[in-house]
There are 2 protein chains.
Amino acid sequence: MADLIYQKIIESLKKEIDSGAFPDMRLPDERSLAENYHVSRSSIKRALGNMSEQGIIFKKRGAGTFVNPLYLKQDSYFNYSGKNLGITDSFKANGQKPGIKVLSFDVIRPDEELRDNLFLNKGEFVYAFKRLRLLDEVPFMVETGYIPIKLAPELSEQVASESVFNYVESELGKEVNKTYLTISAQPSDEEGQKLLNLKNTEPVGIMEGIFFLNDGTPFEFSTMKLHYKYFKYDSFVDLDR
Amino acid sequence: MADLIYQKIIESLKKEIDSGAFPDMRLPDERSLAENYHVSRSSIKRALGNMSEQGIIFKKRGAGTFVNPLYLKQDSYFNYSGKNLGITDSFKANGQKPGIKVLSFDVIRPDEELRDNLFLNKGEFVYAFKRLRLLDEVPFMVETGYIPIKLAPELSEQVASESVFNYVESELGKEVNKTYLTISAQPSDEEGQKLLNLKNTEPVGIMEGIFFLNDGTPFEFSTMKLHYKYFKYDSFVDLDR
DNA sequence: CAGTGGTCTAGACCACCAC
DNA sequence: TGGTGGTCTAGACCACTGC
């Protein structure tokens with residue numbers, strides 16, 4: 001992957017941070033980094049700016065660049081705001097074996113709301129599938145997805161049982177790289193209690209949203225219900241925008 | 001505010017987009033923009049990159065830069081504005097009257113974890129306060145906050161009963177503009193059930209994190225427990241970083 | 001092939017912080 | 001006052017898209 005200079009620097013600095021190379025939480029100044037990495041200061045700035053947006057570090061003008069202490073304590077399952085971790089991959093990173101069980105797979109006529117969300121015209125159809133996701137054989141999430149058939153004509157139950165996004169990349173030559181998510185929580189319903197092995201006092205976390213291809217096409221509308229113990233979402237937010 | 005070149009360009013382009021100046025959803029190319037605005041291409045790139053992160057536009061290498069149709073369509077679902085944090089202002093917009101009831105207000109010695117989160121040395125003290133937030137007199141959120149006394153020496157119960165962040169801006173001349181949030185859900189505990197009027201089957205949403213000043217100083221560590229019906233978090237995410 | 005966005009460099013100058 | 005991050009410029013070269 002990363003044959004880009006700023007990405008390599010990000011990876012390198014992340015490793016250093018993770019390994020505790022900066023016990024005083026302070027990174028070297030930009031000019032020294034540029035010299036040591038044999039790159040321009042602009043490339044360093046780009047790398048650091050990127051890491052700052054991800055919440056890994058923060059910069060204090062006139063003072064220096066520092067590690068965000070919360071980053072080191074991070075133990076979220078879903079870290080969309082970091083390096084690209086597809087859902088599956090992010091679980092691998094935690095050392096647990098992910099699994100998928102397809103509960104249903106159909107082609108349906110979308111209702112008006114779904115048509116709106118996926119920018120579809122009347123008369124167009126979508127794949128509808130429900131999947132149970134597991135970690136080390138333990139179910140933790142029920143996922144309902146809708147994908148326009150015109151965007152993935154060869155989609156199948158087989159594909160759904162593996163990775164849809166990998167299929168998009170390898171077979172369609174496109175990439176899913178953006179998503180609008182709405183996050184909320186609800187008491188568990190009967191289905192959730194049964195599939196996720198929850199008591200009736202235990203809730204589910206909901207992540208619902210649209211996934212986009214790099215050209216801006218809405219690709220999938222998805223609703224994810226998570227066992228509350230696996231529901232953790234980290235977000236670094238710039239408030240003045 | 002914006003006396004920065006790239007910010008002025010962002011404002012200008014936003015206005016043009018909102019006014020429908022690009023009916024084909026396509027923006028001029030970067031080199032033309034640089035010429036028309038009499039700035040370098042780098043500044044244009046910075047402005048466009050920023051707008052892309054906000055989900056206003058998306059860029060296609062080799063093809064051009066385009067308006068994100070969802071940005072124009074933002075009627076119902078998708079407000080990715082970082083301001084929707086359950087902070088007072090965002091609820092005003094909903095036409096409901098916000099209220100605050102201070103449940104406690106003390107000065108305490110922070111434990112080690114809190115010291116880490118707020119970058120404090122041993123021996124430094126923090127304000128600790130618990131607040132109940134209301135909407136049209138109905139409680140919806142219990143908030144526990146910790147703020148170093150050295151950062152807000154004049155903080156008081158009175159201030160806490162209004163807006164701490166407004167106080168920071170008007171009295172300290174600083175601005176809270178970043179936050180690192182961890183979002184999760186839990187069954188409601190006894191306190192939550194009592195204060196938020198929840199059944200034992202009904203959960204709370206948890207938003208926990210650090211708020212930073214513009215200079216990068218960690219200003220407040222806050223834990224917010226929300227009535228699940230009021231718990232909704234919108235997020236626009238760039239997956240490939 | 002022409003046009004477009006992506007990356008990277010080298011360097012100037014500014015704004016802020018700590019000593 | 002010296003060191004730090006922030007902004008901006010000017011220009012080179014690369015990678016991809018679409019005709």
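Numbered from 1 within each chain, the chains take letters A, B, ... in sequence-line order. The model shown is predicted, which means the values in this text are computed figures rather than measured ones.
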Determine yes or no for a side-chain-to-main-chain donor-acceptor pair under 3.5 angstrom, with A:Asn68 supplying the side chain and A:Gly55 the backbone.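 Flag set: sc A:Asn68 to bb A:Gly55 pair under 3.5 Å.
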Earliest and latest nucleotide of DNA chain D, 5' to 3', sitting under 4.0 Å from a non-hydrogen atom of chain A?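 Terminal contacting nucleotides, 5' to 3': D:dG3 to D:dT7.
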Select from B:Lys59 and A:Ile44 the residue whose nearest nucleotide in DNA chain C is closer to the 5' end of that strand. B:Lys59
Please determine, by modelled atom types, if [X] and [Y] share a side-chain donor-acceptor pair under 3.5 angstrom.
| X | Y | result |
| --- | --- | --- |
| A:Gln7 | A:Glu11 | no |
| B:Thr182 | B:Glu208 | no |
| A:Tyr146 | A:Thr223 | no |
| B:Tyr127 | B:Ser156 | no |

Does atom CD of A:Glu35 have more than 12 heavy-atom neighbours from other groups under 6.0 Å away?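 No, the 6.0 Å shell around CD holds no more than 12 heavy atoms from other groups.
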If the condition is side-chain hydrogen bond (donor to acceptor under 3.5 Å, both in side chains), which residues does B:Ser52 pass it with, not counting sequence neighbours?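 Applying side-chain hydrogen bond (donor to acceptor under 3.5 Å, both in side chains) to B:Ser52 gives A:Lys178.
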Contact list please: residues 21-32 of chain B against DNA chain C, heavy atoms, distance less than 4.0 Å, in numerical order.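 Of all residues in residues 21-32 of chain B, the ones placing a heavy atom under 4.0 Å from DNA chain C are B:Arg26, B:Asp29, B:Glu30, B:Arg31.
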For B:Lys150, which residues count as a salt bridge (Lys or Arg N to Asp or Glu O under 4.0 Å) partner, sequence neighbours excluded? B:Glu124
Could I get the full list of salt bridge (Lys or Arg N to Asp or Glu O under 4.0 Å) partners for B:Arg131, not counting sequence neighbours?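 Only B:Glu143 meet the salt bridge (Lys or Arg N to Asp or Glu O under 4.0 Å) criterion with B:Arg131.
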So B:Lys60, base contact, sugar-phosphate only, or nothing? Heavy-atom distance under 4.0 Å. sugar-phosphate
Using 30° and 60° as the class limits, which term best fits the ring planes of A:Phe105 and A:Phe129: parallel, tilted or perpendicular? parallel
If a pair means Watson-Crick or G-U wobble with both distances below 3.5 Å, what does DNA chain C look like in dot-bracket form, with | marking bases paired to a different strand? ||||||||||||||||||.
